[in-house]
Trainee: 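The structure's right below; bear with me while I get my questions together.
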Amino acid sequence: MTSEWFTASAPGKFVILGEHAVVYGKPAIVLAIDLRIAVSIRRSGRNLINGDHVDFRRQPHLRYLTRDVNHALEFMTSSDIPVGSGLGSSAALSAALGLALSHQRGAPLGEKELVEEAYNAELFAQGIGSPMDASACVHGGGISVNLPNATGEHLWTVTRGDRTWDVHDIEAPDMTFVIGSTGIKAPTGPLVAKVRRYRDRSQFAVDITDDIEQVTIQGGQALARNDVEELGRMMTEDHKLLSILGVSCRELNKMVNAALPYSYGAKLTGAGGGGCMVALTDEPDKVCKAIRSRGGTPYIVKTGVPGAMFHPDPE
Ligand code: PMV
């Protein structure tokens with residue numbers, strides 16, 4: 001039996017400022033990038049992913065998103081986003097798959113509903129976290145979360161328990177960012193849990209997340225007036241604060257240090273513990289070389305890209 005394929009794609013993202021603190025309702029600024037994942041699904045006789053049997057215990061995002069599907073599915077994925085690298089691969093997968101499934105059901109989800117769906121999949125898979133990644137991968141372009149005096153269009157508000165995240169559109173700035181991947185996979189859940197334990201035990205860790213809030217607000221103001229020097233300073237400051245929180249690692253620090261002589265600023269991006277760093281620079285080739293010299297893989301990323309989208313079958 002052959003059935004119709006339903007295909008959707010979504011971009012990865014990087015965090016300019018504010019990761020980890022955003023879990024506690026602090027502000028963050030995120031840009032979607034031109035690394036994407038595409039997911040195709042079709043009704044099938046048995047569950048298959050890229051030709052292999054699907055082990056739903058090891059695929060919690062898939063398990064959550066297909067919870068109401070009462071037939072087997074074949075999944076095909078193709079992705080340029082390195083997995084477990086702080087570039088939002090799991091949120092992008094959830095956004096693309098959630099959108100494809102909703103088209104298959106004949107009831108396509110709107111952006112806000114898709115954010116809720118992708119965020120719930122993230123929570124199901126990793127226990128805690130913010131709707132920041134889901135929002136960036138669904139909307140594309142740039143977003144701010146809980147940024148005071150945000151001027152862009154208000155997109156949505158997400159609430160869980162006593163926490164609320166207000167998400168606004170921001171225009172993706174015309175700046176050059178280079179991402180450097182350590183190649184070390186570091187799942188988000190345990191790193192977020194580590195910061196939560198630290199905050200539960202120590203006022204010092206709470207103070208550090210408050211400092212990240214200040215740096216993010218100051219960086220947001222710099223971004224709004226295209227002040228690359230100040231924005232870069234805030235990024236580097238944020239990296240120091242994230243290091244104190246315990247989510248950096250030797251490889252990330254080496255790559256940040258190597259990029260800094262040619263950058264306005266540099267920091268880890270995403271959950272940390274491995275994964276990626278990002279540098280704001282006018283000299284991308286030199287930064288790429290510096291990243292390679294420390295064993296990393298550089299990507300000069302484009303921003304201002306579309307969010308999650310459905311790809312109608314050409315036939
Ligand atoms: O590593 P990523 O791309 O999943 O980003 C995680 C961002 C955190 O702030 C650390 C967690 C979150 O859910 O906001």
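Counting starts at 1 for both ligands and their atoms, in listed order. Computed from a prediction, not measured in an experiment: that's the story for all the values here.
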Trainee: About how many Å separate NE2 of H139 and NE2 of H168, when rounded to the nearest 0.5 Å?
Mentor: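 If I round to the nearest 0.5 Å, the distance is 11.5 Å.
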Trainee: Would K254 and E251 pass as an ion pair if we require N to O under 4.0 Å?
Mentor: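 The answer is no: the pair does not qualify as a salt bridge.
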Trainee: So do the side chains of D238 and E19 get within less than 4.5 Å of each other, counting heavy atoms only?
Mentor: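 Yes; the side chains approach each other to less than 4.5 Å.
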Trainee: Mind checking whether F310 and H103 have ring centres under 6.0 Å apart?
Mentor: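 For F310 and H103, the ring centres are under 6.0 Å apart.
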Trainee: Hey, could you give me the CD1/CD1 distance between I244 and I208, rounded to the nearest 0.5 Å?
Mentor: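 The CD1 atom of I208 is 4.5 Å from CD1 of I244, to the nearest 0.5 Å.
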Trainee: For residues 143-151, dump all side-chain donor-acceptor pairs below 3.5 Å to protein atoms at least two apart in sequence or in another chain.
Mentor:
{"from": "N146", "atom 1": "OD1", "to": "D166", "atom 2": "N", "distance (Å)": "2.6"}
{"from": "N146", "atom 1": "ND2", "to": "G25", "atom 2": "O", "distance (Å)": "2.8"}
{"from": "N146", "atom 1": "ND2", "to": "T164", "atom 2": "O", "distance (Å)": "3.0"}

Trainee: Identify all N/O pairs between ligand 1 and the protein with a separation under 3.5 Å and present them as a table of atom names and distances.
Mentor:
{"from": "ligand 1", "atom 1": "1 (O)", "to": "T188", "atom 2": "OG1", "distance (Å)": "3.3"}
{"from": "ligand 1", "atom 1": "1 (O)", "to": "A271", "atom 2": "N", "distance (Å)": "3.0"}
{"from": "ligand 1", "atom 1": "3 (O)", "to": "K13", "atom 2": "NZ", "distance (Å)": "2.6"}
{"from": "ligand 1", "atom 1": "3 (O)", "to": "G86", "atom 2": "O", "distance (Å)": "3.3"}
{"from": "ligand 1", "atom 1": "3 (O)", "to": "G88", "atom 2": "N", "distance (Å)": "3.2"}
{"from": "ligand 1", "atom 1": "3 (O)", "to": "D133", "atom 2": "OD2", "distance (Å)": "3.0"}
{"from": "ligand 1", "atom 1": "4 (O)", "to": "D133", "atom 2": "OD2", "distance (Å)": "3.1"}
{"from": "ligand 1", "atom 1": "4 (O)", "to": "T188", "atom 2": "OG1", "distance (Å)": "2.8"}
{"from": "ligand 1", "atom 1": "5 (O)", "to": "D133", "atom 2": "OD2", "distance (Å)": "3.4"}
{"from": "ligand 1", "atom 1": "9 (O)", "to": "H20", "atom 2": "N", "distance (Å)": "2.9"}
{"from": "ligand 1", "atom 1": "13 (O)", "to": "S130", "atom 2": "N", "distance (Å)": "2.8"}
{"from": "ligand 1", "atom 1": "14 (O)", "to": "S130", "atom 2": "OG", "distance (Å)": "2.6"}

